[in-house]
Structures are given as structure tokens and as C-alpha cells.
Novice: 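Sending over a structure as C-alpha cells; questions will come in a sec.
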Amino acid sequence: MAKVLIVGGEGRAHALSWKIAQSPLVEKVYFAPGNGGTSQVGENIDINVSELNKLADFAKQNKIDLTVVSPEMPLAEGIVDLFEKEGLKIFGPSKAAAKIETSKVFSDSFLKRHKIPYPDSTVVSSLAEAKAYVRQHPPQSYVIKADGLAGGKGVILPETQEEAETALGDIMAKKIFGDSGNQIVFQERLRGQEVSTFALSDGENILMLPYLQDHKRIYDGDKGPNTGGVGAYTPVPFMTDELDEQVQKEIIQATVDGMRSDGRPYKGVLYGGLFITEAGDPKVIEFNCRFGDPECQPMMRVIDEDIYPLLMQSAEGRLTSKAIRIKPGAAVNIVLTSGGYPGSYQTDYEIMGLNSVEDPDVVIFHAGTKNEDGKILTNGGRVLNVTAYGKDLKNALAKAYAQIGPSGIHFKDMHFRTDIGFRVLNH
Ligand code: AMP
Ligand code: GLY
């Protein structure tokens with residue numbers, strides 16, 4: 001029986017562990033550091049996701065069979081390289097392969113070199129060049145992307161030239177994201193539908209996972225500032241078999257093949273942020289080197305087989321499955337946030353109603369929570385993920401929303417969107 005270490009403590013980590021712990025092959029799950037809900041699944045240990053040496057020591061001492069990395073930061077810092085050097089099994093890409101997320105300049109040149117469908121783009125390395133670009137192009141024709149990680153805030157869709165110039169000054173001169181702002185990628189602004197696509201890889205073979213859509217803006221109607229994501233659902237009705245085949249071949253397999261031929265074999269989960277343009281063509285706007293959050297939560301609700309062997313096969317470089325069993329029906333995730341998020345917010349409010357959930361189709365995954373003397377308190381911007389499975393999207397949404405409010409789950413200043421799924425429900 002296997003022991004698994006999950007590195008992370010977000011909603012995504014809780015959802016991954018919930019699924020992994022159902023495996024008959026898995027005996028125990030540890031979290032570093034986990035959150036107020038993960039202790040229902042396993043044991044939280046007091047090691048931070050950036051303490052790579054401590055994590056490796058823990059894995060050795062406790063004879064961990066597989067470590068699963070949830071967020072990008074430890075991947076960017078080389079946790080996979082360290083574990084593999086120590087002979088420890090770990091699910092995720094090496095530091096060199098994680099560059100597909102950690103440098104937009106790298107992924108820009110990678111996508112172009114391998115002729116993977118991608119918007120037109122221009123890379124600049126100075127504020128003067130950036131300002132020249134802005135003066136030559138209408139502001140609503142492009143998006144601005146800082147090269148490196150920027151906590152989800154490095155993408156700007158300017159409405160005016162002034163807005164673009166201010167953002168560029170902040171990123172390239174004031175360095176609000178540090179060295180992440182040394183270079184900028186300008187991408188052609190695409191119109192169409194966005195979809196999140198995921199696949200497991202062992203460096204060579206791929207296994208496609210369900211498509212999802214997420215909601216990035218904080219307010220209903222996709223208004224207000226961008227967040228890490230405040231709602232998600234699957235399936236995505238416009239992803240036809242034909243489009244799926246095209247994405248699989250021209251984007252996912254082409255990327256895994258390209259990374260291998262570039263000497264950066266890609267293992268782990270590859271997350272492609274795609275646009276399906278108005279002309280119906282899929283294009284990559286970004287890659288991530290991890291599961292999506294909040295997409296992972298409903299994804300785990302619809303996968304209808306044991307994922308532990310698949311994660312292990314990816315880690316060991318021998319992914320043999322060609323397809324994954326998915327439940328019919330739909331799954332949704334409504335994220336409950338602290339009032340004020342993605343700006344500043346208060347924490348330490350007690351969460352009420354967590355024990356009132358009786359519907360077996362509803363599963364709550366914790367994100368920014370902590371357990372203090374048996375009370376669950378808010379401890380972050382994204383607090384809880386209310387996921388539900390149903391026969392269709394409407395049904396799943398009704399089950400999830402039925403749990404939220406004064407007679408169900410609530411906390412002081414709680415915020416959530418009431419229109420998750422509206423883009424496909426109105427079609
Ligand atoms: P990201 O942080 O890279 O996921 O980007 C945040 C959001 O910006 C995406 O979810 C899109 O809505 C938008 N975006 C990014 N790139 C483009 C693009 N080339 N065209 C249109 N919208 C984009
Ligand atoms: N849902 C967006 C992300 O995980 O980056």
C-alpha cells in the first residue's frame with residue numbers, strides 16, 4: 001500500500017488528494033502544508049511548498065511512494081529535479097520543462113518554432129521598444145504579458161493607450177513583478193471562447209483529460225478585476241470530437257513532441273489555456289505546468305477511474321493508458337471568496353454550515369481555511385470550493401448553489417458569483 005505526499009494547500013490540492021485517497025492502492029496521504037479541510041483526508045505536516053530540501057527529507061524518512069506537486073512555484077524552483085536526483089518518485093515537470101509556464105518569452109518562441117497554433121506576437125526587452133509598440137497599435141488589438149510568474153496578475157488587456165503605458169511603466173520600470181518584467185510579450189488579442197485543456201504526459205505519450213471553462217473575473221457577467229478563478233465547469237459543450245482531435249494532435253502532442261526534441265521532456269500535467277477563435281480555430285494563449293485551480297476540483301468529480309496509477313505512470317515515464325473514463329453528466333465548482341478579494345480582505349472568520357451538507361453529489365474542497373481547535377476559519381482569498389455533480393450543467397449548478405447562504409455554508413463578508421456557467425447556459 002502506497003504513501004503519497006501532496007505538496008500544496010489550495011483547493012486544487014484538496015481535490016487531488018480526495019481523488020487519490022479513493023485508490024485501493026493508497027494507504028496514506030500527507031500534505032505539505034495542507035489546509036483546514038485536508039486533515040479530513042490525511043495528515044498535514046508543517047513544511048512550506050518552497051522548502052524543497054525539507055520536503056525531500058520528509059519523503060525519504062517516511063518512505064513516500066509518490067509525491068504530487070499541486071502549485072507551480074516548487075516546480076519552477078526545481079523540486080522534480082531534486083527529488084529525481086535523490087531517487088524519489090514525483091509527479092510533475094522538471095525545472096527546464098516548467099519553463100513553458102514560468103517564461104512567456106520561452107513559450108512564445110517554443111510555440112512559433114514548432115508551428116503550434118498561436119496568436120501573432122512581438123517580444124520586447126526595453127520600455128522604449130514597448131512604448132513604440134503601443135504607439136503603433138490600437139490598444140484593444142493586443143494583450144500585454146510580463147515574461148515571468150506574476151501571481152496571475154501579469155496579463156493586461158488595455159482599453160486605452162494611457163492604460164497600456166501605465167501598465168508597461170509599472171512592469172518594466174517600477175518592476176512591480178521584479179525580474180518577471182524584464183521582457184514583455186505583446187500578443188494579438190483574440191476573440192472567441194476560452195477553454196482550459198489538460199493532458200497527462202510521461203515525456204512522450206499523452207492522455208487527454210476533460211475540458212473545462214473557468215471564470216476569472218470576480219463579479220457576475222465577467223465584470224471586475226481578474227482573479228485566480230472563481231468558478232469552473234465541465235463538460236464544455238462546444239468542444240466537438242473534431243475540435244478535440246485537432247487540439248490533441250496539433251497542440252498537445254505537438255507540444256510534448258517539441259519539448260522532447262528540444263531536450264526538455266515534459267512529464268506531469270500540461271495545461272493549455274486555449275481560445276477557440278470566431279473562425280473556429282483553437283489557439284494557445286498560454287501554458288501552465290500544473291492542474292488548473294479552480295478547474296481541477298470539478299475535473300476530479302467526473303473522472304471515473306483510479307488516478308493514482310496514472311500519476312505514477314507519468315512519473316515513471318511509462319504512461320500506457322490512451323483514454324480516461326469520464327462520468328456522463330456535468331460537474332461545477334462555485335468558489336466562495338473573502339469579501340474584498342482579489343484586493344485586500346479580512347481573515348479568521350468562522351465558517352458556518354460545513355456539516356449541513358447532506359447531498360451526496362456535493363463535495364466541498366477547502367482552499368484558504370484553517371482548523372483552530374476544531375473550528376474552521378477563513379484563511380485566504382479563495383476560501384471554499386463548492387463542487388457538485390449532476391445529470392447536466394443546470395442540475396449540477398442547482399445542487400451547488402442550494403448549499404450556499406444563510407441556512408447553509410456561509411461566513412462574514414462571503415462573496416461568490418451567482419452566474420457560473422452563463423456563457424454556455426445561454427447557448
Ligand atoms: P492568463 O493569466 O495568461 O491566463 O491570462 C488571463 C486572461 O487574459 C485569459 O484568461 C484571457 O481571458 C485573457 N487573455 C490572455 N491572452 C489573450 C489573448 N491573446 N487574447 C485575448 N485574451 C487573452
Ligand atoms: N484557473 C486558472 C489557473 O489555474 O491558472
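One-based numbering along the sequence shown. Remember, it's 1-based here, ligands and their atoms both numbered in the order they're listed.
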Novice: Main chain of Gly229, side chain of Thr227: is a donor-acceptor contact present, judged purely on distance under 3.5 Å?
Specialist: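 It does hold such a pair.
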
Novice: For ligand 2, which atoms, with element, lie under 4.0 Å from some heavy atom of Asp214?
Specialist: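 Near Asp214, meaning under 4.0 Å from one of its heavy atoms, ligand 2 has 1 (N), 2 (C).
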
Novice: Which of the numbered atoms in ligand 2 are below 4.0 angstrom from a heavy atom of Arg290?
Specialist: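 Once the distances to Arg290 are compared, the set is 3 (C), 4 (O), 5 (O).
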
Novice: Taking Asn205's backbone N and O only, do any of them form a donor-acceptor pair with Ser201's side chain (distance below 3.5 Å, no angle check)?
Specialist: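 Checked: pair present.
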
Novice: Give yes if a backbone or side-chain nitrogen or oxygen of Arg189 is under 3.5 Å from a nitrogen or oxygen of ligand 1, and no if not.
Specialist: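 For ligand 1, there is no N or O atom that lies under 3.5 Å from one belonging to Arg189.
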
Novice: How close does the nearest protein non-hydrogen atom get to atom 2 (O) of ligand 1, and which residue and atom is it?
Specialist: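 Checked against all protein heavy atoms, atom 2 (O) of ligand 1 sits closest to Val155 CG2, 3.4 Å.
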
Novice: Answer with yes or no whether Ser196 contacts ligand 2, where contact means a heavy atom under 4.0 Å from a ligand atom.
Specialist: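 Per 4.0 Å heavy-atom rule, Ser196 does not contact ligand 2.
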
Novice: For Val363, does its backbone N or O pair with a side-chain atom of Thr387 as donor and acceptor, under 3.5 Å?
Specialist: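 Yes; judged by distance alone, with no hydrogens or angles, the pair exists.
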
Novice: As an exercise, identify every atom of ligand 1 less than 4.0 angstrom from a heavy atom of Glu188.
Specialist: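 Selected atoms, number and element: 18 (C), 19 (N), 20 (N).
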
Novice: Indicate yes or no: at least one non-hydrogen side-chain atom of His14 is less than 4.5 angstrom from one of Asn385.
Specialist: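 Of all side-chain heavy-atom pairs linking Asn385 with His14, none is under 4.5 Å.
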
Novice: Indicate yes or no: at least one non-hydrogen side-chain atom of Gln313 is less than 4.5 angstrom from one of Leu200.
Specialist: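 When only atoms from C-beta onward are counted, Leu200 and Gln313 do not touch, as no gap falls below 4.5 Å.
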
Novice: Which residue holds the protein heavy atom closest to atom 14 (N) of ligand 1, what is that atom called, and what is the gap in Å?
Specialist: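 Here the nearest protein heavy atom works out to Ile285 CD1, 3.8 Å.
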
Novice: Would Phe110 and Phe287 count as a close aromatic pair, with their ring centres under 6.0 Å?
Specialist: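 Between Phe287 and Phe110, which both carry aromatic rings, the centre distance is not below 6.0 Å.
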
Novice: For atom 13 (C) of ligand 1, grab the closest protein heavy atom and report residue, atom and distance to one decimal in Å.
Specialist: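 Atom 13 (C) of ligand 1 sits closest to the protein heavy atom Leu157 CD1, 3.9 Å.
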
Novice: Between Arg290 and Glu10 (salt bridge meaning N to carboxylate O under 4.0 Å), is one present in this structure?
Specialist: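 The answer is no: the pair does not qualify as a salt bridge.
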
Novice: Looking at atom 2 (C) of ligand 2, what's its closest protein heavy atom, distance included?
Specialist: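 Its nearest protein heavy-atom neighbour is Tyr271 OH, 3.3 Å.
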
Novice: Provide the number and element of each atom of ligand 1 under 4.0 Å from a heavy atom of Leu190.
Specialist: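 Answer for ligand 1: 18 (C), 20 (N), 21 (C).
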
Novice: Please check atom 7 (C) of ligand 1 for a protein heavy-atom neighbour under 4.0 Å.
Specialist: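 It does not: no protein heavy atom is found less than 4.0 Å away from atom 7 (C) of ligand 1.
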
Novice: Quick check: does Gln187 get an N/O under 3.5 Å from an N/O on ligand 1?
Specialist: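 Yes; the residue has a nitrogen or oxygen that sits under 3.5 Å from a nitrogen or oxygen of the ligand.
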
Novice: For Tyr211, is there any backbone N or O sitting under 3.5 Å from a side-chain donor or acceptor partner on Thr234?
Specialist: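 Yes, the answer is positive, given that a donor and an acceptor are paired below the 3.5 Å cut-off.
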
Novice: With a 4.0 Å heavy-atom cut-off (strictly under), which part of Lys145 contacts ligand 1: side chain, backbone, both or neither?
Specialist: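 The part of Lys145 near ligand 1 is the side chain, not the backbone.
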
Novice: Does Glu295, backbone or side chain, put an N or O under 3.5 Å from an N or O of ligand 2?
Specialist: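 N/O-N/O distance under 3.5 Å: yes.
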
Novice: Of all the non-hydrogen atoms in the protein, which one sits nearest to atom 3 (O) of ligand 1, and at what distance?
Specialist: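 Answer, as residue, atom name and distance: Glu286 OE1, 2.9 Å.
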
Novice: Quick check on contacts: which atoms of ligand 1 are under 4.0 angstrom from a heavy atom of Lys216?
Specialist: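 Matching atoms, with element in brackets: 4 (O), 10 (O).
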
Novice: In terms of ring plane angle, is the pair Phe58 and Tyr30 parallel, tilted or perpendicular, where the classes change at 30° and 60°?
Specialist: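 Rings of Phe58 and Tyr30: perpendicular, as their planes differ by over 60°.
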
Novice: Within the 4.0 Å heavy-atom shell around Gly292, which atoms of ligand 2 are there?
Specialist: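 Contacts of ligand 2 toward Gly292, numbered from 1: 4 (O).
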
Novice: Should Phe275 be listed as contacting ligand 1, given a heavy-atom distance under 4.0 Å as the test?
Specialist: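 Flag set, Phe275 near ligand 1.
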
Novice: Please check whether Arg12 reaches ligand 2 - meaning an N/O of the residue sits under 3.5 Å from an N/O of the ligand, judged on distance alone.
Specialist: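 In fact, backbone or side chain, Arg12 has no N or O that close.
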
Novice: Applying salt bridge (charged side-chain N to carboxylate O under 4.0 Å, His left out) between Asp222 and each of Arg417, Arg217, Lys216, report the one that passes.
Specialist: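 Of the listed residues Arg417, Arg217, Lys216, the salt bridge (charged side-chain N to carboxylate O under 4.0 Å, His left out) partner of Asp222 is Arg417.
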
Novice: Could you tell me if any non-hydrogen atom of Gly228 lies under 4.0 Å from any atom of ligand 2?
Specialist: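 Flag set, Gly228 near ligand 2.
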
Novice: Any side-chain to backbone donor/acceptor pair from Asp419 onto Gly221? Under 3.5 Å, distance only.
Specialist: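 Judged by distance alone, yes, a pair lies under 3.5 Å.
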
Novice: Are the side chains of Phe411 and Leu336 in contact, using a 4.5 Å heavy-atom criterion?
Specialist: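 Answer yes - side chains close enough.
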
Novice: Based purely on interatomic distance, does Asp293 place a nitrogen or oxygen under 3.5 Å from a nitrogen or oxygen of ligand 2?
Specialist: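 Yes, there is a polar N/O contact under 3.5 Å.
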
Novice: Is Lys104 close enough to touch ligand 1? Criterion: a residue heavy atom under 4.0 Å from a ligand atom.
Specialist: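 Contact check Lys104 vs ligand 1: positive.
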
Novice: Do the two ring centres, one from Tyr233 and one from His215, sit under 6.0 Å apart?
Specialist: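 Yes, they do, as the ring centres are separated by less than 6.0 Å.
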
Novice: With a 4.5 Å heavy-atom cut-off, do Asp281 and Pro117 have their side chains touching?
Specialist: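 No, side chains not in contact.
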
Novice: Can you report which non-hydrogen protein atom sits closest to atom 9 (C) of ligand 1, along with the distance?
Specialist: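 Result for atom 9 (C) of ligand 1: Glu194 OE1, 3.4 Å.
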
